[in-house]
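The structure under discussion is supplied below as structure tokens; questions concerning it will follow.
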Amino acid sequence: MVNDMETKLINAVNPHAFEEAGQILRQGSLVAIPTETVYGLAADAYNGTAVAKIFQAKGRPQDNPLIVHIGDCSQLNPLVREMPEQASLLIDRFWPGPLTMILPKSAQVPNEVSAGLDTVAIRFPKHPVAQAVIQAAGTPLAAPSANTSGRPSPTTAQHVLEDLSGKIDAVLDGGTCQVGIESTVIDITVYPPRLLRPGAITWEQLRQVLGTVEIDPAVCNPLTKGQAASSPGMKYKHYAPQARLILLDGGYEQYCDYVRAHAAPHVAALCYQGEEQGLPVEAVTYGAAHDEWGQARELFDALRKLDQRKFSLVYARCPKQEGVGLAVYNRLIRAAGFEVISLE
């Protein structure tokens, strides 16, 4: 898509910010908005023509479904055919918040939103700016991450402008996102319910509410050949920096030994805070070793910093695959195109 429009930066503290963003959305145009997870590229979810502009601006594959964001639970019923009891349990416990549910879609949901599936992904964001924009627009908003498809997701307004300036009408600047990775996605149209994308609401928390919850194999592995993506974030490669990224799965000393043995110009390390001192190459950090929330919050910014420094190969520390760490691992393994070296 040719950059042929001026992208306006709107400060969320401006008293007319929400009204202005809502008007742009009602006109069928696109606005990037902050949520507690990442910035989303929003369009009127009931306007298939507007939603199609999202795919064009992002360069997003047409078979990748979008998440619909609501600003009040009263907006949920028109979007779905039925409400499973499990949905009510999750709503009571986790909404508003970083949890997306896959539900049977109603006929009112355009195919552009659901990628032709008979389900729709819905969440109620907790971020007050996102809620205010949805209310101002007067409609649910379809909103994937506001970045070029396949790139690291944006956690600041500046990240959005780096990717989409000239391709969308406006960016609403609400500061840095608190969570830093996309929402958890759970499919409750199947039994047992299935975790499709891990996030800040963990598999362990979902099990506390629902009992049995399966983890889809695609959380840690590529989709099988011909398998449709039933959730955002399930495609083969996502979140990727321009450099080749390889995960090194092992302890810190093993990690350092491997990086030392493979140090070269334009090679870098993606490691935890404080670990860069023991490495012979330039390093970018993403949180502390025992702080999975910090890792999640800082991951996408760190991946973008790798691009700014023009590295060609990056060896990344492999996070633990539990709690929020599973979500961090899910993003990193896709950023690496599933290239992992075991050091054990």
Side-chain angles (χ1 to χ4, degrees), residues 38 145 147-148 150-156 158-159 162-163 176-182 198-200 202 219-222 233 236-344:
V38 300
S145 56
N147 59 316
T148 299
R151 291 264 293 142
S153 296
T155 56
T156 68
Q158 183 56 42
H159 290 165
E162 287 172 5
D163 282 14
T176 302
C177 301
Q178 293 181 328
V179 175
I181 53 173
E182 302 85 354
T202 66
V219 165
C220 297
N221 302 281
Y236 178 79
K237 195 166 186 179
H238 264 299
Y239 324 113
Q242 294 171 5
R244 178 187 177 192
L245 186 70
I246 300 175
L247 294 190
L248 301 183
D249 189 4
Y252 174 58
E253 292 301 328
Q254 294 169 310
Y255 174 79
C256 289
D257 289 344
Y258 189 95
V259 173
R260 289 191 196 104
H262 295 82
H266 306 296
V267 171
L270 181 66
C271 60
Y272 301 132
Q273 292 168 2
E275 296 182 346
E276 65 270 31
Q277 299 172 2
L279 297 169
V281 298
E282 286 192 65
V284 173
T285 62
Y286 74 106
H290 302 292
D291 180 11
E292 58 189 16
W293 285 97
Q295 294 166 24
R297 187 170 54 250
E298 298 178 23
L299 175 62
F300 289 139
D301 185 61
L303 292 175
R304 286 178 176 267
K305 286 178 180 176
L306 294 173
D307 282 346
Q308 294 169 4
R309 300 189 190 180
K310 307 295 184 184
F311 299 118
S312 59
L313 175 62
V314 179
Y315 293 115
R317 285 277 266 145
C318 190
K320 295 181 179 179
Q321 298 175 45
E322 57 188 34
V324 176
L326 177 63
V328 179
Y329 177 78
N330 168 265
R331 285 10 176 231
L332 271 174
I333 198 169
R334 279 177 162 73
F338 296 90
E339 193 169 1
V340 183
I341 295 175
S342 176
L343 304 179
E344 299 293 341

**Asked** Where do A240 and A335 come nearest, in terms of heavy atoms and distance?
**Response** CB-O, 3.6 Å
**Prompt:** Looking at side-chain heavy atoms only, is the closest gap between H159 and V38 below 4.5 Å?
**Reply:** no
**Asked** Between L248 and C318, is a side chain to side chain contact (heavy atoms under 4.5 Å, CB included) present by the stated rule, with each step listed?
**Response** CA-CA 6 Å; L248 301 183; C318 190; over 6 Å; no
**Message:** Nearest 0.5 angstrom please: H290 NE2 to Q273 CD, how far?
**Reply:** 12.5 Å
**Item:** Where A296 and I181 come nearest, the two heavy atoms and their spacing
**Value:** O-CG2, 3.6 Å
**Prompt:** Between Y258 and Y315, how do the two ring planes meet: parallel, tilted or perpendicular, split at 30° and 60°?
**Reply:** perpendicular
**Asked** Roughly how far, to the nearest 0.5 Å, is CD1 of I333 from CD of Q321?
**Response** 7.0 Å
**Prompt:** Are any non-hydrogen side-chain atoms of V314 and P241 less than 4.5 angstrom apart?
**Reply:** no
**Message:** Against the six-membered ring of Y255, is R317 placed for a cation-pi contact (under 6.0 Å from the centre, within 45° of the normal)?
**Reply:** yes
**Prompt:** Do side-chain atoms of R331 reach the backbone of F300 as a donor and acceptor pair under 3.5 angstrom?
**Reply:** no
**Asked** Nearest 0.5 Å, what's the SG-CG distance between C177 and D301?
**Response** 11.0 Å
**Request:** Check whether any side-chain heavy atom of V259 lies under 4.5 Å from a side-chain heavy atom of P280, and answer yes or no.
**Result:** yes
**Prompt:** At what distance, to the nearest 0.5 angstrom, does CZ of R334 lie from OH of Y329?
**Reply:** 10.0 Å
**Prompt:** Would you call R260 and D257 a salt bridge, using N to O less than 4.0 angstrom?
**Reply:** yes
**Request:** For D249 and V340, work out which heavy atoms get closest and say how close.
**Result:** CB-CG1, 4.1 Å
**Prompt:** Any donor-acceptor pair under 3.5 Å linking the side chain of T155 with the backbone of G180?
**Reply:** no
**Message:** Apply side chain to side chain contact (heavy atoms under 4.5 Å, CB included) to residues V328 and Y286 and explain how you reach the verdict.
**Reply:** CA-CA 10 Å; V328 179; Y286 74 106; 3.8 Å; yes
**Request:** Flag the pair I341 / I246 as yes when at least one side-chain heavy-atom distance between them is below 4.5 Å, and no otherwise.
**Result:** yes
**Item:** Over all atoms of both residues, closest heavy-atom pair of L313 and A243
**Value:** N-CB, 4.1 Å
**Request:** Compare every heavy atom of L279 with every heavy atom of C271, then report the nearest pair and how far apart it is.
**Result:** SG-CD1, 3.9 Å
**Non-hydrogen side-chain atoms of L326 and C220 separated by less than 4.5 Å** = yes
**Message:** For the backbone of A288 and the side chain of Q295, can you confirm whether one donor and one acceptor N or O come within less than 3.5 Å of each other?
**Reply:** yes
**Message:** Using 0.5 Å steps for rounding, measure from the CG atom of L270 to the CG atom of L332.
**Reply:** 6.5 Å
**Request:** Please answer whether the main-chain N or O of Q242 pairs with a side-chain N or O of R151 as donor and acceptor at a distance below 3.5 Å.
**Result:** no
**Request:** Output, in order, the C-alpha distance, side-chain angles, deciding distance and verdict of side chain to side chain contact (heavy atoms under 4.5 Å, CB included) for T285 and E276.
**Result:** CA-CA 8 Å; T285 62; E276 65 270 31; 3.5 Å; yes
**Asked** So, the side chain of Q254 versus the backbone of L343: is there a donor-acceptor pair under 3.5 Å, distance only?
**Response** yes
**Complete:** Interatomic distance, OH@Y239 vs CG@L245, rounded to 0.5 Å, equals 14.0 Å
**Message:** Determine whether a donor-acceptor pair (N or O, by modelled atom type, separation under 3.5 Å) exists between the side chain of N147 and the backbone of P154.
**Reply:** no
**Request:** Answer yes or no: are there more than 12 heavy-atom neighbours, outside E275 itself, under 6.0 Å from its atom CD?
**Result:** yes
**Message:** Quick one: does any side-chain atom of D163 pair with a main-chain N or O of T148 as donor and acceptor, under 3.5 Å?
**Reply:** yes
**Request:** Would you indicate whether the side-chain heavy atoms of R304 and Q158 approach each other to under 4.5 Å?
**Result:** no
